[in-house]
There are 2 protein chains.
Amino acid sequence: MSSAVGISIADVEPHLLRTFVAVAETGSFSAAAGRLRYTQSAVSQQIAALEADLGTPLLTRRPVALTPAGERLHRHAAIILVRLAAARADVTRAVAPPGRLAVGLTPLAWSKRVSDALTRIRAESARLSSRVLVADRDRIVAASATGEIDIALVDGFTAPNDPLPLPVAGAVRVAEDGAVVALPRDHPLAGRPTLQLADLTEAYWIDAPVVSPLTHLPVDALRTGLRYEGADVAVLLGLIEAGHGLSVLPSGVARGVLLPRMVHRVELLATPGAGVPATRLSELLAGP
Amino acid sequence: MSSAVGISIADVEPHLLRTFVAVAETGSFSAAAGRLRYTQSAVSQQIAALEADLGTPLLTRRPVALTPAGERLHRHAAIILVRLAAARADVTRAVAPPGRLAVGLTPLAWSKRVSDALTRIRAESARLSSRVLVADRDRIVAASATGEIDIALVDGFTAPNDPLPLPVAGAVRVAEDGAVVALPRDHPLAGRPTLQLADLTEAYWIDAPVVSPLTHLPVDALRTGLRYEGADVAVLLGLIEAGHGLSVLPSGVARGVLLPRMVHRVELLATPGAGVPATRLSELLAGP
DNA sequence: TGATGTTACGAGGCACGTAATGATG
DNA sequence: CATCATTACGTGCCTCGTAACATCA
């Protein structure tokens, strides 16, 4: 191994990054202070220190918003903080693999097969302490990296031969079905056999980042009328039926018109060294 | 964006990571102290603090070596330190794109084409301050991430349709030629038209990690007789001719017997926002 | 005027160096 | 016994909280 990680370059202090991220996400110094159990003053000083260190303003004040340099830093910082946590998790897990089983999934990753696998493994090892976390994809991937969960099931939409665009490698396909545009029963397009996204530029869409994140579709071009931030599929279906807008969903969940050249897929992320129950569950899921 | 990067979890202090990496690479507390301009005592305290924080020994003493947990941490730490530096570099570059041009390359990435491109761009912008760094692949990739260099040219051997196994995305193919096993003139195999690596398990190899890193070949199976840590191709060729061992080299550099199903390729990494000269050079290189 | 970010200042903590101590080949 | 890591201890820096101040809706 080379001595590449040279002498020079002062460190970017991680607690400053953490505070910076908190401010960026809350849009407020005081809110960030509350979240991190600091005083407003401390947050202000930390941001000032970071800006002085990097030699450039990172945030505008009143209103608090990211400058271009701040945008860049924010992208880096989020990744670095996760990796930092992942390093700690990986090392401590290597010492004492947990006996528990923590599963994380995105709302649409749930299925009978997942349910069965969980039932079975809990039956196998009687008094196994288990935990299930449902959240949006970013949260689940981060929790997987940090070892907060041992197994992650993540769903998403892509072209049939592409993998899901995840920021980590090593995902395994677990399930796949079609992608439909969910429509109210009485919608004019409801009779069509298939549909192109282009047919729907006139429609209003429901932006549901937790349930149905379409980050890699040209959804910018679509008009979003309503934003649903919950994780409950039934609520989203209700909103669609009530005519608040359309959404892309797996064919197993909603009636609607099929989108060709697009699939809904569930992938499995197992964190290495997460212990025996996790390995067993991943076998059950990835197997036949 | 979700508030995924939660409240909890104490930070892993980067200066501890840096010290840990230095100790791991030098195999000595005192050497690491020298390199980082600390006292032995400080290094000892830092390692102790890190081990206490993570709750597990990371290094054995006398001799100093990584424990399994230490191995894990070392992998993470090297990546994190580079990303930390990359964050700083990216932000500061965004503020003031450099007017200079810094090029980094692995020894075998040099070619007439590269030379010509450099000549041309230096002619175009008369008093352009330029810098060229030649080092092993890890060093070059790290330097590219940290912004130490603006353009990186990295070479390596792979299967014809595979990309080079780099830890970063976005590499562009610049040049490609064959891979030969370089042999002394009087070697018994010198007459063969092509060769399988399997034919050569009886031979001795020169391990030249800087010039010809064969990390992704089954080189473990091969017997290495000598290690050459320099970056000079001519020296390596001399060693081969003198019968100290064989080596895999690009067909443009050395006479030898072709390896089928394997190519030598040079790829280009341009760091985004590195300024106009870098963009221009990357056009010259990636172009026709 | 009230909420929110900044500045001043002092106390506490902590990370370093010096120096003495201990272990190991 | 020389080299190298650890422990003891004191000092200086640095970060945080309190509190006063500034600024914007």
Side-chain angles (χ1 to χ4, degrees), chain A residues 3 7-67 69-70 73-74 77 81 84 88, chain B residues 3 7-67 69-70 73-74 77 81 84 88:
Chain A
S3 61
I7 302 131
S8 46
I9 310 174
D11 293 309
V12 182
E13 298 294 333
H15 70 281
L16 300 186
L17 291 185
R18 175 159 281 126
T19 302
F20 171 71
V21 169
V23 173
E25 286 180 355
T26 60
S28 151
F29 282 51
S30 14
R35 173 153 130 194
L36 301 175
R37 313 286 183 115
Y38 283 128
T39 58
Q40 299 177 4
S41 169
V43 171
S44 183
Q45 293 176 63
Q46 290 187 17
I47 298 297
L50 191 57
E51 290 181 325
D53 181 22
L54 297 177
T56 180
L58 301 167
L59 295 162
T60 62
R61 324 293 150 101
R62 296 180 221 270
V64 172
L66 292 168
T67 63
L73 183 63
H74 185 236
L81 290 173
L84 238 18
R88 155 169 269 123
Chain B
S3 60
I7 303 132
S8 45
I9 311 174
D11 293 309
V12 181
E13 298 293 333
H15 70 281
L16 300 186
L17 291 184
R18 174 160 281 124
T19 302
F20 171 72
V21 168
V23 173
E25 285 180 355
T26 59
S28 150
F29 282 53
S30 14
R35 175 154 131 192
L36 300 176
R37 313 286 184 116
Y38 283 128
T39 59
Q40 299 177 5
S41 167
V43 171
S44 183
Q45 293 175 64
Q46 290 187 17
I47 299 298
L50 192 56
E51 290 181 326
D53 181 23
L54 297 178
T56 179
L58 300 167
L59 295 162
T60 62
R61 324 293 150 98
R62 294 180 223 275
V64 171
L66 291 168
T67 64
L73 183 64
H74 186 234
L81 290 174
L84 237 18
R88 155 169 268 123

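Below, chains carry the letters A, B, ... as their sequence lines are ordered, and counting in each starts from 1.
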> Going through the checks in order, is the side-chain contact (heavy atoms from CB on, under 4.5 Å) test met by B:L17 and B:V12?
Replying inline: CA-CA 8 Å; B:L17 291 184; B:V12 181; 3.7 Å; yes
> What distance do B:R18 atom CZ and B:L36 atom CG have between them, rounded to the nearest 0.5 Å?
Replying inline: 8.0 Å
> Under 4.0 angstrom, heavy atoms only, what part of the nucleic acid is A:V64 near: base, sugar-phosphate, or nothing?
Replying inline: sugar-phosphate
> Considering all heavy atoms of both residues, which atom of A:L50 and which atom of A:F20 are nearest to each other, and what is their separation?
Replying inline: CD2-CB, 3.7 Å
> Can you name the nearest heavy-atom pair linking B:Q40 to B:S30, along with the distance?
Replying inline: NE2-CB, 3.7 Å
>> Once you apply a heavy-atom cut-off of 4.0 Å, does A:Q46 come out as touching a base, just sugar-phosphate, or nothing?
In response: sugar-phosphate
> Looking at residues at least two apart in the chain, or sitting in another chain, which of them share a side-chain contact (heavy atoms from CB on, under 4.5 Å) with A:A31?
Replying inline: A:T26, A:S28
>> Once rounded to the nearest 0.5 Å, what's the spacing between atom OH of A:Y38 and atom NE2 of A:H15?
In response: 5.5 Å
> Under 4.0 angstrom, heavy atoms only, what part of the nucleic acid is A:S41 near: base, sugar-phosphate, or nothing?
Replying inline: base
>> Please list, in numerical order, the residues of residues 47-62 of chain B that have a heavy atom closer than 4.0 Å to any atom of DNA chain C.
In response: B:R62
> What residue pairs, at least two apart or across chains, pass salt bridge (charged side-chain N to carboxylate O under 4.0 Å, His left out) with a residue in residues 38-50 of chain B?
Replying inline: none
>> Tell me the closest heavy-atom pair linking B:A32 and B:V43, and the distance in Å.
In response: C-CG2, 4.5 Å
> When rounded to the nearest 0.5 angstrom, what distance separates CG in A:L58 from CG in A:L66?
Replying inline: 8.5 Å
> So which pairs with a foot in residues 45-54 of chain B pass side chain to side chain donor-acceptor pair (under 3.5 Å), sequence neighbours left out?
Replying inline: A:R88-B:D53, B:T19-B:Q46, B:S41-B:Q45, B:E51-B:R61
>> Do A:V64 and A:V23 have side chains that approach each other closer than 4.5 Å (heavy atoms only, starting at C-beta)?
In response: yes
>> Reading DNA chain D in the 5' to 3' direction, which nucleotide is the first one with an atom under 4.0 Å from a heavy atom of chain A, and which is the last?
In response: D:dC16 to D:dC24
> Of the non-hydrogen atoms in B:A69 and B:P57, which two are nearest, and what is the gap between them?
Replying inline: CB-O, 4.0 Å
> At under 4.0 Å between heavy atoms, what does B:T39 touch on the DNA or RNA strands: base, sugar-phosphate, or nothing?
Replying inline: base
>> Can you give me the first and the last nucleotide of DNA chain C (5' to 3') that has an atom within less than 4.0 angstrom of a non-hydrogen atom in chain B?
In response: C:dC16 to C:dT24
>> Need to verify one output field. Residue with the more 5' nearest nucleotide on DNA chain D, B:S28 or A:V43?
In response: B:S28
> For the helix from C:dT1-D:dA25 to C:dG25-D:dC1, what angle lies between the axis at the first five pairs and the axis at the last five pairs, to 10 degrees?
Replying inline: 30°
> Given B:L73, which of B:T67, B:L54, B:V21, B:T56 fulfils the side-chain contact (heavy atoms from CB on, under 4.5 Å) condition?
Replying inline: B:L54
